[in-house]
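Both backbone and side-chain heavy atoms feed into the values below; hydrogens, waters and symmetry mates do not. Throughout, numbering of the chain's residues begins at 1 and tracks the sequence.
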Amino acid sequence: MAEKKNLTIKVKYPTAAKTSKALSPSAAVITVWNVQRIGLAAAVLLGFLLLIVYAFSDDDTPPPAVVADSPSAQAAPAVPAEPKTPAAQPPVVTPVPVAANPSVAAALPHEQARIRRAVLAARITDKEPADEIVRGVTVPPGQLKTAYYFNELRGMTGKILYHEWLRDGVSVMKEPLQVGADRWRVSSHKTFDDKAAGQWTVRLLDDAGKLLDEKTFAVSVGQ
């Protein structure tokens, strides 16, 4: 800002010596104007006013216009997630029944064509099993009960087979059987009293002791 300077106006008045002349009608007052200083002061004043106007004009600057969001500036639509590929399901394995005794399971595939039937029954009628035993044998006190083990065989003419009866894993009887024809039916039996309770097994063996079939059942005492 320009430095302010005092504006001096000089006015000349008549001195005391000339008092007498001032009283005369022809006396006059002379004012001397310093034009240079007046112009400088006016310029300074004008600049100051312009500065104030400029300062206030900055405050009046309109706020920036709010531009509406253009379609390109809007949020992009959500992209649907790609469907997940289901995980491959393991193949369904159908369980295959397994015989209780592994040796029987190994023997059956080879001998199945030759051993057509193997049945544990309560009696034999006309060389055929009747009243198959499926829940074990119950012996009333003081009485006897008999179980029959029946086999129908094919293609084993001339072979010697065995029916072996075991109580709690201990062999108590082994009966040899002679196969006399291509289609042959054989059976053996065991009679139980009220002292024969336990876990029983009867099995079919060949002459080399190979297990061909077996049946396991329980003998109990009761009515």
Side-chain angles (χ1 to χ4, degrees), residues 1-113 115 118 120 132-136 138 168-169 198-201 203 210-218 220 222:
M1 182 183 295
E3 183 182 356
K4 294 182 179 181
K5 295 183 178 181
N6 296 326
L7 178 61
T8 304
I9 300 175
K10 292 184 179 182
V11 180
K12 292 184 179 182
Y13 294 96
T15 59
K18 299 179 179 180
T19 302
S20 60
K21 294 181 179 181
L23 297 177
S24 64
S26 60
V29 177
I30 300 173
T31 303
V32 179
W33 297 92
N34 193 332
V35 178
Q36 184 178 1
R37 292 187 178 182
I38 292 174
L40 180 60
V44 171
L45 180 59
L46 180 59
F48 181 73
L49 292 176
L50 291 176
L51 183 61
I52 293 175
V53 172
Y54 178 77
F56 281 101
S57 66
D58 290 343
D59 294 339
D60 295 337
T61 303
V66 178
V67 181
D69 293 339
S70 63
S72 60
Q74 296 178 355
V79 179
E82 295 183 0
K84 295 183 178 180
T85 303
Q89 298 295 328
V92 178
V93 179
T94 303
V96 178
V98 179
N101 192 319
S103 59
V104 176
L108 285 180
H110 178 67
E111 303 294 345
Q112 187 173 10
I115 304 172
L120 184 67
E132 183 178 359
I133 297 173
V134 294
R135 297 185 178 180
T138 301
D168 296 328
Q199 193 74 16
W200 284 80
T201 300
R203 56 190 186 179
K210 180 180 179 180
L211 180 63
L212 304 179
D213 184 76
E214 71 175 6
K215 302 292 182 183
T216 299
F217 60 99
S220 59

| field | Heavy-atom closest pair, residues A118 and D213 | value | CB-OD2, 3.2 Å

| said: Within this structure, what is the OG1-CZ distance for the pair T201 and F217, rounded to the nearest 0.5 Å? | reply: 7.5 Å

| said: With rounding to the nearest 0.5 angstrom, report the CG to CG distance, L40 to L45. | reply: 11.5 Å

| note | Smallest heavy-atom separation, Q199 atom then A218 atom, equals OE1-CB, 3.9 Å

